[in-house]
Structures are given as structure tokens and as C-alpha cells.
Amino acid sequence: MGAVRRFPAPTVPNPFIHHIKWTIPLFLETVIGAIFLLPLRALLMLAVVPAITAVGYAASLGYNGKPDEHINLWQRKLIKITFPFLSRLGLLSLGYNWVHVKGRKASYEEAPVLVVAPHTIWADGPALVAYTMGRVVTRVANKYLLMQREVLMCLESIFIDRSAPGPRKVMKAHMEAPGCYLQLTGCPEGTTHRGDGLLSFRPGMFLAGLPAQPVFFDFGPKDPGVALWAYSGIGTLSTILLSMCQFHNTLTVAYLPVYRPSVEEKADPVLFANNIRLYMANLIERPALNYSYEDASCIAWSV
């Protein structure tokens with residue numbers, strides 16, 4: 001029998017598996033927060049969610065989601081005034097008492113696409129609205145969720161059905177439609193993970209070959225990571241409740257320099273997606289991991 005081949009240990013943990021490392025200080029903080037902070041933050045969330053839903057409903061009246069149609073001017077002004085404030089209150093209810101912002105968000109003319117990564121946490125949703133205010137690329141299942149639907153519709157979000165044929169055609173039709181005024185915003189990794197590096201970017205957001213600005217959402221240390229939302233670990237409701245019980249959760253939003261694709265990248269969205277991922281990984285000093293959304297699906301069935 002030949003010698004057993006030994007493979008090197010992975011440089012980062014499995015990005016789709018996360019379990020909280022409980023310590024005595026973390027346990028005490030959570031208990032104290034559950035007694036004194038959770039009720040107050042729950043009340044704030046109960047006030048914010050209906051408010052942003054009502055605004056979203058009003059701002060999406062008459063809009064049916066077709067690529068060549070847009071909401072009215074008064075509806076645009078309504079969400080521009082209210083959404084950043086309400087979304088920031090939503091983050092406050094989750095324990096993000098203050099948010100550090102670095103760099104400058106590019107205008108639509110400078111970068112029609114905003115690439116947000118890594119996608120690690122449930123709070124990415126309100127953070128996207130508060131700090132990008134763009135057309136969110138999301139799965140079609142979110143279109144049928146109560147409250148979330150109204151917010152996504154008034155932002156003229158693009159709903160993608162991964163199981164249906166031709167999702168890239170749907171994406172391209174929306175991106176090339178006349179009259180666009182909101183930047184296309186999304187998490188091209190396509191799934192949540194630990195955030196130790198960047199997963200493979202799906203090419204949908206890069207089909208039109210437009211300049212893109214990477215936006216880094218840094219939610220702080222991965223351990224104990226009570227708010228991390230991976231395929232294997234604590235559930236959504238537990239993540240939300242634990243976040244609300246902490247004294248303070250960390251969030252830094254960094255707007256990175258705009259990436260302008262080459263002629264080759266404009267013709268090849270897969271090449272564009274991979275190169276901008278490497279560009280972003282270098283700027284935030286995290287590795288580009290050879291994992292993808294499909295790997296997460298396989299792990300979900302195996303654990």
C-alpha cells in the first residue's frame with residue numbers, strides 16, 4: 001500500500017458552518033441585555049417595521065415591476081426622505097448603536113452598480129437600504145414575504161428565480177432599460193457565510209459591463225459572532241434576538257474605489273465578476289475563497 005497523501009489544512013474555517021463560542025462575559029452580557037435592552041429594542045422594531053412597510057406600500061402604488069416602468073417622482077422623493085432614516089432606526093433596534101462610514105459613495109454616473117460583500121448577516125438588509133439605497137437584486141421568494149415585499153418593490157428591485165430558465169436575461173433587461181436612476185445593488189456571493197473571505201461572485205450583476213463600486217460591510221470580529229447567519233448554525237430568529245441582546249454590535253461601511261472593467265471584462269461577465277472579487281479581496285485584505293452558492297446548497301443537505 002502506498003503512502004497516505006496528506007492534504008494541507010484549510011487556511012480559513014468552513015465558511016458555511018458557524019457556531020457561537022459562548023464565554024462567561026458573553027453569557028452575562030446576553031442575559032443583562034435580554035432583561036434591559038431587548039424590550040426597548042423590540043418596541044423600536046415594532047414601530048419601525050410597520051412604518052417602513054406603509055411607506056413602501058405608498059411608494060410602490062401603480063408599479064408592477066416591469067423593466068421599462070418606474071415609480072413616480074413624488075414616490076421617489078418619499079423614499080429618499082424616509083428610507084435612510086427608518087432603516088437606520090432598524091439597525092439601532094438590532095443593537096447597531098453607531099455605524100462607522102469610510103470613503104464616499106459614488107454617484108449613479110460614476111458607478112451604476114454597487115457590489116456589497118461579504119454577505120454574512122441578516123442585518124445586511126437594513127444596511128443595504130440605509131447606506132446604498134439602490135435597486136436590490138434578490139431571490140424571487142422575497143417578493144412574497146409580508147412587509148419585505150413593499151420595501152423591495154418601491155426600490156424597483158430585481159427578483160431572480162434561480163430555478164427558472166434565463167435569469168440572466170431578466171437581469172440584463174432591467175439593467176439596460178431606459179430611465180434607470182437607482183444604482184443596482186446586491187450581494188453577488190448569493191448566500192450568507194462566516195465572512196472570513198469572499199466567495200465566488202455570480203456574474204448576473206456584471207452582464208451589462210458597467211463600472212462598479214465595491215462596498216465592504218464589516219460586522220466586526222467573527223468570534224463569538226452572535227449575529228452571523230450561515231447555513232449551519234443558529235436560525236434567523238435566534239440571530240435577531242441575540243443581536244438585540246448585545247450592548248453594541250459593530251458595523252463599518254467602507255465605500256471602496258470604483259472598478260472600471262476592461263474591454264475583455266465587458267464582453268465576459270464571468271471574468272468581470274472574478275476580477276472585481278480579487279480587486280475587492282486585495283483592498284479589504286481577505287482571501288478570495290474557492291467556494292460558491294452551489295457549495296452552500298450541498299453542505300446544507302449534508303449536515
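FYI, side chains are in, hydrogens and waters are out, and symmetry mates aren't considered; it's all heavy atoms of this structure. Here the structure is a predicted model, which means the values were calculated and not measured. In this chain, numbering begins with 1 at the start of the sequence shown.
- Surrounding CZ of Phe27 are at most 12 heavy atoms belonging to other residues, nucleotides or ligands under 6.0 Å away.
- Looking at Glu189, its side chain never comes within 3.5 Å of a backbone N or O of Ala117 through a donor-acceptor pair.
- In this structure a side-chain-to-backbone donor-acceptor pair under 3.5 Å is missing from Arg135 to Gly186.
- The main-chain N or O of Asp196 is never found under 3.5 Å from a side-chain atom of Arg286 such that the two would form a donor-acceptor pair.
- The backbone N or O of Ala58 sits less than 3.5 Å from a side-chain atom of Gln75, completing a donor-acceptor pair.
- In terms of modelled atom types and a separation under 3.5 Å, the side chain of Thr192 and the main chain of Thr120 share no donor-acceptor contact.
- The side-chain heavy atoms of Ile79 and Pro84, taken from C-beta on, include no pair separated by under 4.5 Å.
- For the pair Glu150 (side chain) and Thr53 (backbone), a donor-acceptor distance under 3.5 Å is absent.
- With hydrogens and angles ignored, the 3.5 Å screen pairs no side-chain donor or acceptor of Asn249 with any backbone N or O of Tyr96.
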Validation: residues 206-217 side-chain donor-acceptor distances under 3.5 Å, sequence neighbours left out:
unit_1: Gln213; atom_1: OE1; unit_2: Ala106; atom_2: N; d: 2.9
unit_1: Gln213; atom_1: NE2; unit_2: Arg104; atom_2: O; d: 2.9
unit_1: Gln213; atom_1: NE2; unit_2: Leu256; atom_2: O; d: 3.1

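- Put simply, the side chain of Asn72 never gets that close to the backbone of Trp74: no donor and acceptor are under 3.5 Å apart.
- Ring pair Tyr291/Phe16 is perpendicular by interplanar angle, where above 60° counts as perpendicular and below 30° as parallel.
- Side-chain atoms of Met133 and Thr185, non-hydrogen and from C-beta on, never get closer than 4.5 Å to each other.
- Within 6.0 Å of CD1 in Ile24 there are 12 or fewer heavy atoms belonging to other residues, nucleotides or ligands.
- If you check the side chains of Ser262 and Glu264, you find a donor sitting under 3.5 Å from an acceptor.
- Residues meeting the side chain to side chain donor-acceptor pair (under 3.5 Å) test with Asn290, sequence neighbours left out: none.
- Shown here is Phe85, whose CZ atom has no more than 12 heavy atoms of other residues, nucleotides or ligands within 6.0 Å.
- Between the side chain of Lys102 and the main chain of Val253, no donor-acceptor pair closer than 3.5 Å is present.
- Contact of the Phe83 side chain with the Ile52 side chain is registered, since non-hydrogen atoms from C-beta on lie closer than 4.5 Å.
- Between Arg76 and His70 the shortest side-chain heavy-atom distance falls below 4.5 Å.
- Using modelled atom types, no side-chain atom of Ser60 and backbone atom of Tyr63 make a donor-acceptor pair closer than 3.5 Å.
- Open room surrounds OH on Tyr57; 12 or fewer heavy atoms of other groups in view lie less than 6.0 Å from it.
- Under the rule for a side chain to side chain donor-acceptor pair (under 3.5 Å), the partners of Thr30 that lie at least two apart in sequence or sit in another chain are Gln246.
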